2 protein chains.
Amino acid sequence: MARAGVTVERLTLAGAELADEVGVENVTVAALARRFGVKDASLYFHLRNAHDLRVRIALLALAELADRVAAALAGRAGKDALVAFANAYRDYAREHPGRYAAMQIDLDPETAAASAGVRHAEMTRAILRGYRLSEPDQTDAVRMMHSTFHGFVSLEQTGGFRHTPRPTDDSWSRTLDALDAVLTNWPSR
Amino acid sequence: MARAGVTVERLTLAGAELADEVGVENVTVAALARRFGVKDASLYFHLRNAHDLRVRIALLALAELADRVAAALAGRAGKDALVAFANAYRDYAREHPGRYAAMQIDLDPETAAASAGVRHAEMTRAILRGYRLSEPDQTDAVRMMHSTFHGFVSLEQTGGFRHTPRPTDDSWSRTLDALDAVLTNWPSR
DNA sequence: TGGTTTGCCTAGTAGGGCTAGGCTACTACC
DNA sequence: GGTAGTAGCCTAGCCCTACTAGGCAAACCA
């Protein structure tokens with residue numbers, strides 16, 4: 001029988017595509033095997049288990065997102081950088097809802113430390129250079145930024161904003177204005 | 001054979017408890033049946049399917065949260081109300097992680113419209129009365145608030161803040177300060 | 001060219017979702 | 001207080017997914 005040429009990389013990519021199409025929760029080893037015209041048992045030669053697959057998808061997504069953010073951030077500073085970062089983040093989440101959802105799975109500490117998530121975190125901090133915040137305000141601001149972005153995107157995806165007619169794009173840009181305002185004038189105790 | 005006294009209400013409550021213990025994704029009809037000392041097939045007399053169960057848990061959680069928020073909000077205004085609301089929200093999510101996660105499932109429009117989610121939304125708007133915002137700023141502000149709360153709580157739960165030593169409680173209260181500041185001085189175009 | 005490794009296979013276990021159809025305990029009504 | 005109906009549970013059985021063990025053949029490599 002001919003070999004299908006399955007590799008972990010191809011499996012991860014196909015899994016990511018599948019996630020975007022049907023949701024991470026429906027990314028099954030069996031479905032992936034069908035996609036490769038192979039029996040599901042065969043994939044366990046490449047994958048430890050189903051969770052392993054999802055972790056790999058998450059790591060792929062983190063890397064892709066970090067790349068996009070890096071590209072968006074190049075040559076920008078201040079509010080420009082904030083908006084570019086935010087839009088890169090949201091656009092990625094909307095183009096790749098499954099990958100984005102996969103990113104939210106709880107990685108164990110060493111995996112997380114080795115992931116592109118740290119690059120992402122560094123870039124978030126880099127944005128704040130334009131706002132002249134020192135610790136611990138910087139950490140608090142990073143956390144607020146991340147919360148706002150993730151919360152907005154997440155609620156947008158699960159339909160949390162549907163009940164109000166106002167276009168979400170408008171609320172998004174006003175939210176970024178507000179975030180810029182509060183970062184510019186971070187309340188000191 | 002004796003009757004187990006299973007009702008939809010008891011199933012929903014037990015399902016909610018199960019969700020808090022093992023996560024929504026592990027709330028199975030089979031596990032619930034075991035908990036009631038009953039065969040899984042029997043539950044389909046009370047439940048349409050597994051999704052139906054999770055929706056019920058979500059609705060229960062929305063109602064509980066709305067109650068808590070209402071209690072927290074009583075007699076408060078301005079920043080006081082904002083902080084009370086936010087803490088009620090976060091505390092509920094931390095006490096009931098499974099229920100909170102269940103709340104995020106995508107309800108179909110009519111179910112959502114009939115849920116306690118609308119009470120929640122009304123109360124969020126009520127907070128903004130203390131900040132004198134008119135439409136569409138109000139909607140934008142509500143969305144930003146909700147995003148920040150949900151994002152923070154969500155990231156906190158999935159370990160998104162673990163890589164920095166700063167206590168999350170501190171970042172939380174500073175985030176609320178920032179939110180109050182920006183609502184007080186909402187940037188106009 | 002023959003041995004080893006690599007990549008796929010079949011077969012089988014366990015568990016979850018769900019349906020069909022059967023039996024029984026309770027309820028209501030005459 | 002007997003009996004018809006129904007509500008609440010059951011068994012049996014289907015399909016799907018995760019995962020393991022062990023077999024066989026293609027590819028590689030000495």
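Protein chains get the first letters and strands the later ones, always in sequence-line order, with residue 1 at the start of each. Predicted model, so just to flag it, every value in this text is computed and none were measured.
- Distances from the side chain of A/Ala41 to the nucleotides D/dA18, C/dT6, C/dA11 place C/dA11 closest.
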Between protein and nucleic acid, restricted to nucleotides 15-17 of chain D and to nitrogen or oxygen atoms under 3.5 Å apart, what atom pairs and distances do you find?
| residue | atom | partner | partner atom | Å |
| --- | --- | --- | --- | --- |
| D/dT17 | OP1 | A/Arg34 | NH2 | 3.2 |
| D/dT17 | OP2 | A/Arg34 | NH1 | 3.3 |

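- For B/Leu43 and C/dG16, the CG to C1' distance is 13 Å, given to the nearest whole Å.
- Remark: aromatic rings of A/His96 and A/Tyr92 are close, center separation under 6.0 Å.
- Applying the side chain to side chain donor-acceptor pair (under 3.5 Å) rule to B/Arg166 yields the partners A/Asp140; only residues at least two apart in sequence or on another chain are considered.
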Which donor-acceptor pairs under 3.5 Å do the side chains of residues 31-44 of chain A make with protein atoms, sequence neighbours left out?
| residue | atom | partner | partner atom | Å |
| --- | --- | --- | --- | --- |
| A/Arg35 | NH2 | A/Glu21 | OE1 | 2.6 |
| A/Ser42 | OG | A/Lys39 | O | 3.3 |

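- For the ring pair (Phe, Tyr, Trp, His ring centres under 6.0 Å) condition, the pairs that include at least one residue of residues 108-130 of chain A, sequence neighbours left out, are A/Phe85-A/His120, A/Tyr89-A/His120, A/His120-A/His146.
- With rounding to whole Å, B/Lys39 atom NZ is found 18 Å from C/dC18 atom P.
- Taking every heavy atom of residues 47-54 of chain B and every atom of DNA chain C, pairs under 4.0 Å involve B/Asn49, B/Ala50, by number.
- Taking atom CG on A/Asn26 and atom P on C/dG17, their separation rounds to 14 Å, with Å as the unit.
- For C/dC8, the OP1/OP2 oxygens have a side-chain nitrogen or oxygen of A/His46 closer than 4.0 Å.
- Under the ring pair (Phe, Tyr, Trp, His ring centres under 6.0 Å) criterion, B/Phe161 pairs with B/Phe152, not counting sequence neighbours.
- Computed from coordinates, the A/Tyr44 OH to C/dC8 P distance equals 15 Å when rounded to whole Å.
- For A/Arg10 and C/dG7, the CZ to C1' distance is 13 Å, given to the nearest whole Å.
- With sequence neighbours left out, B/Arg76 forms a salt bridge (charged side-chain N to carboxylate O under 4.0 Å, His left out) with B/Asp80.
- Each of D/dC19, C/dC18, C/dC9 was ranked by its minimum atom distance to the side chain of A/Val38; first place goes to C/dC9.
- Under a 4.5 Å side-chain heavy-atom cut-off, the cluster of Ile, Leu, Val, Met, Phe, Trp and Tyr residues that includes B/Val24 has no other member.
- Judged purely by distance below 3.5 Å, without hydrogens or angles, the side chains of B/Thr7 and B/His46 never pair a donor atom with an acceptor atom.
- What separates CZ of B/Phe45 from P of C/dT24 is a distance of 17 Å, to the nearest Å.
- As rounded to whole Å, 11 Å separates atom P of C/dG16 from atom CG of B/Leu18.
- With D/dC9, C/dT10, C/dC8 as the choices, the nucleotide that has an atom nearest any side-chain atom of B/Ser42 turns out to be D/dC9.
- Taking Ile, Leu, Val, Met, Phe, Trp and Tyr as hydrophobic and joining them when side-chain heavy atoms fall under 4.5 Å apart, one finds A/Leu13 in a cluster with A/Leu60.
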